[in-house]
Chemist: 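Have a look at the structure that comes next, please.
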Amino acid sequence: MTEEHQVIFFPSGKRGLVPENTTILQAARRLGVDLDSVCGGLGICSKCQVEPTFGEFAKHGMTADPNALSPWNAVEERYRQKRGLLEGRRLGCQARIAGDVVVSVPPESQINKQVIRKEISARPFTLEAATKLFFVRVDEPDMKSPTGDFERLRVAMKKQWDLDILPPELSLLSRLQPVLRRGNWEVTVAVHTAHDNERQTLIDVWPGLLEESLYGIAIDLGSTTIAAHLVNLETGEVVASAGQMNPQIRFGEDLMSRVSYAMMNPDGSTEMTRVVRETLGELCSGLVKEGSLVPETIVELVFVCNPIMHHLLLGLDPVELGQAPFALATSDSIGIKASEVGIMDINPRAQAYILPCIAGHVGADAAAVVLSEVPNQSEDLVLIVDVGTNAEIILGNYERVLACSSPTGPAFEGAQISSGQRAAKGAIERVEISPATKEPRFQVIGSDLWSDHRDFRKSLGDTQITGICGSGIIEAVAEMRLAGIMDQSGLIGSPKQTGTRRSIADGRTYSYVIYEAGGDPLRQIAVTQADVRAIQLAKSALYAGARLLMDEMGVATVARVVLAGAFGAHISPKHALILGMIPDVPLPKVTSAGNAAGNGALIALCNRSMRTEIEAVVGEITKVETAIEPRFQEHFVAANGIPHGIDPFPNLSKTISLPTERFRAGGNSAADKRRRRRKN
């Protein structure tokens, strides 16, 4: 019998056993992984490039050895010599599986490119960029005043602009003399002023009056996705945006898995730093090209990220963040050159600013949410939930602000779900189920029509229905509860209990079929009992974190709830309440803030005074640590019910009536009856 090996694909998270000697391309097709190929596996088109990752993966209980793939072959070598193949990549049609392996499919090798939903739309703010342009006339040298060119530039800056600039780097000093003479002693200089007003750094100098604007990039470095926004620093306009999956996902879907990878693999931390910096460099280079800009005009970067991403970006070992007391190497804001974190294709002296972290598990991204949503200025008590793999939760008003993080895991983003996938064309993103007929209808990314519309198939074009993404699985589970297909405990009923043939036997439990795929079981999309449990665990962690903050604040209710984050912006408030993801409030009091962390990054990029403000506010936020708080587990267990096991949710009950049936495990399927007869 042929030996089988475990293969895990990222970013989809799909995994399975495949026979030894299977090519990666064949394995991808077998497991429904989105891997492109035009030539049919002949090694000609090179579209099936993949990045295998080796090391110990504790979460998956496996070790990927470098010998887990067949050796480099002649086809790959010929392609590398003729066209070039990036270091560490293999051709999926040539590399054969010889052991357990983790494989990353880069964006350019995916047929259906990921939809990175991290749009940015910040609250109104005043423009006060840290780096600005100044036109200055410099005295020419003469025999009577033998001072150097920089010294005379410095005198002119002080006299004409009241700025005392620091001596420039040698690379800029070497350009100063020819630029001054080419501009006939009139130049435009870019000066960066620190937000403490104590340092003015010369960033660049151009002859004459520069007619170009200066630009900056606001970067939201998430554990799953990275979003970058190119901004005109003189107008605040977002000129271009780009996003990409975080390549670190192949080392672990959640943050603790990445810490574990760093602990168990000697160069694990270094490797994760390398791949994320490469991706950041690619994003920034792409934005420069998209904006048709001169790279030297990109002079500012701002980063927001959670603590583990923060450490890996800076090249700091994240291991201490994986164990109590979760100590950060530094929690203060950081100002460095962009080149120090590997961003090279912009101005070599561009400045990078990283917002402060609030605590060991509440990072600069949460600080950016506070900067965007200003809970510290709110009259009423507001709960802000930044939904993601590791949710940040903030509760407060003008009197006091609390914060915590909650390990929700990747289920909300479609990972660890049987038919789950990232948001991409072909993914089901909206679901409705009729309580009367138990029949579903859905919307798919790539079409605005519902599946029961007569032109739905036509609207999809060549797009296939491939899976269900995070917003889709949340709505599906909530709709199953609303339609009586699932009871309060989260148990899916049998066909007899639910009254629908779409409830099908799946081992000892049942699944609910959303998309039948013409009877093809391999393409069928269903919500399994395991999927429901994964969502229950994620939503319980989220709710427990919120309740912990409410306990600390001494309140039983909040006035309003704000769903933040790129993913939070696509969550239906109604379905969030039905699931019990958030505390019970009137439905109109649940709103979306969009990508609040990205908004905060934009504000900090365009207004240096806001950097001082958020540093002060962060110092006043009270951190609640969920990992060591006994009440967290109590709230977590109680929150397993849908919407809750104990809390009554009176506001939800006023507008939505949920079925009260309780299903019995095992149901009434023929398979169940046979099992019971065998037991007896």
Side-chain angles (χ1 to χ4, degrees), residues 417-420 428-444 450-454 456 465 467-468 471-536 539 572 574-580 640-645 648-649 652-677 679:
I417 301 299
S418 59
S419 297
I428 295 173
E429 63 171 343
R430 302 270 331 266
V431 177
E432 289 182 356
I433 301 174
S434 167
T437 66
K438 316 296 184 184
E439 285 296 298
R441 68 176 194 146
F442 53 83
Q443 278 187 320
V444 171
W450 286 89
S451 58
D452 57 354
H453 192 283
R454 64 183 181 184
F456 173 69
I465 301 172
I468 187 165
S471 61
I473 191 66
I474 285 174
E475 293 195 11
V477 174
E479 287 283 323
M480 288 166 66
R481 175 75 178 97
L482 191 59
I485 293 163
M486 181 181 71
D487 67 13
Q488 184 187 15
S489 72
L491 187 66
I492 301 173
S494 67
K496 184 175 181 180
Q497 291 168 326
T498 60
T500 175
R501 63 179 179 79
R502 287 182 176 271
S503 183
I504 61 172
D506 187 1
R508 289 178 171 242
T509 59
Y510 293 91
S511 297
Y512 176 76
V513 178
I514 294 175
Y515 173 58
E516 293 182 300
D520 182 353
L522 295 177
R523 294 178 55 225
Q524 175 179 278
I525 296 172
V527 178
T528 69
Q529 189 65 68
D531 295 340
V532 173
R533 295 306 183 208
I535 292 298
Q536 283 180 288
K539 77 97 178 181
S572 156
K574 181 183 83 170
H575 294 100
L577 280 170
I578 292 172
L579 275 185
N640 269 213
I642 301 175
H644 200 273
F649 276 61
L652 178 65
S653 300
K654 289 176 184 176
T655 56
I656 295 173
S657 178
L658 295 175
T660 58
E661 293 92 348
R662 287 187 176 273
F663 300 138
R664 178 172 55 82
N668 297 292
S669 72
D672 291 320
K673 291 176 180 176
R674 285 195 299 272
R675 277 194 293 270
R676 284 197 294 273
R677 281 199 298 269
K679 284 182 79 173

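One-based numbering along the sequence shown. Below, each value reflects all heavy atoms present in this structure, side chains not excepted, and no hydrogens, waters or symmetry copies.
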Chemist: If you measure from OG on S489 to CG on N640, what distance do you get to the nearest 0.5 Å?
Modeler: 10.0 Å
Chemist: Starting at OG of S511, measure out to CD1 of I485 and round the result to the nearest 0.5 Å.
Modeler: 12.0 Å
Chemist: Heavy atoms, side chains only, cut-off 4.5 Å: are M486 and V532 in contact?
Modeler: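 Contact flag for M486/V532 side chains = yes.
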Chemist: If I take atom CD from residue Q529 and atom CD from residue Q536, how far apart are they, to the nearest 0.5 angstrom?
Modeler: 7.5 Å
Chemist: Contact between L658 and P643 at the side-chain level, heavy atoms closer than 4.5 Å - yes or no?
Modeler: yes
Chemist: What pair of heavy atoms forms the shortest contact from S503 to Y510, and how long is it?
Modeler: OG-CB, 3.8 Å
Chemist: For the CD atom of Q497 and the CZ atom of F663, what is their distance to the nearest 0.5 Å?
Modeler: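 Result: 5.5 Å between the selected atoms.
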Chemist: Return the minimal non-hydrogen interatomic distance between I433 and A476, and the atom names on each side.
Modeler: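 Shortest heavy-atom contact: CD1-O, 4.2 Å.
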Chemist: Any side-chain heavy atom of R662 sitting closer than 4.5 Å to one from D487?
Modeler: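 R662 reaches D487 side chain to side chain.
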Chemist: Any donor and acceptor pair, going by atom type alone, linking the side chain of K438 with main-chain N or O of T500 inside 3.5 Å?
Modeler: no
Chemist: Minimum heavy-atom separation for A483 to P659, with atom names?
Modeler: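 Where A483 meets P659 most closely, the heavy atoms are C-CG, 4.5 Å.
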Chemist: Take F442 and I465, measure what side chain to side chain contact (heavy atoms under 4.5 Å, CB included) needs, and give me the verdict at the end.
Modeler: CA-CA 11 Å; F442 53 83; I465 301 172; 3.9 Å; yes
Chemist: To the nearest 0.5 Å, what is the distance between CD1 on I642 and CG on L482?
Modeler: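 Nearest 0.5 Å value for the CD1-CG distance: 12.0 Å.
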Chemist: Are the side chain of R481 and the backbone N or O of I578 linked by a donor-acceptor pair below 3.5 Å?
Modeler: no
Chemist: Looking at OG of S494 and CD1 of I504, how far apart are the two atoms once the value is rounded to the nearest 0.5 Å?
Modeler: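 Rounded to the nearest 0.5 Å, the OG-CD1 separation comes to 13.0 Å.
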Chemist: Does the side chain of T528 come under 3.5 Å of the side chain of D531 through a donor N or O and an acceptor N or O?
Modeler: yes
Chemist: Over all heavy atoms of both residues, which pair between V431 and E479 is shortest? Give the atoms and the distance, please.
Modeler: O-CG, 3.4 Å
Chemist: Would you name the heavy atoms of R502 and P440 that are closest together and state the gap between them?
Modeler: NE-CD, 3.2 Å
Chemist: For the pair E516 and R501, find out whether any cationic side-chain nitrogen is under 4.0 Å from an anionic carboxylate oxygen.
Modeler: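 Between R501 and E516 there is a salt bridge, with a charged N closer than 4.0 Å to a carboxylate O.
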Chemist: List the steps, then state whether side chain to side chain contact (heavy atoms under 4.5 Å, CB included) holds for I468 with Y515.
Modeler: CA-CA 10 Å; I468 187 165; Y515 173 58; over 6 Å; no
Chemist: Determine the minimum heavy-atom distance between A517 and Q524, stating which atoms define it.
Modeler: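 Closest approach of A517 to Q524: CB-N, 3.9 Å.
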Chemist: Under a 3.5 Å distance rule, please check whether S471 uses its side chain to pair with a backbone N or O of E429 as donor and acceptor.
Modeler: yes
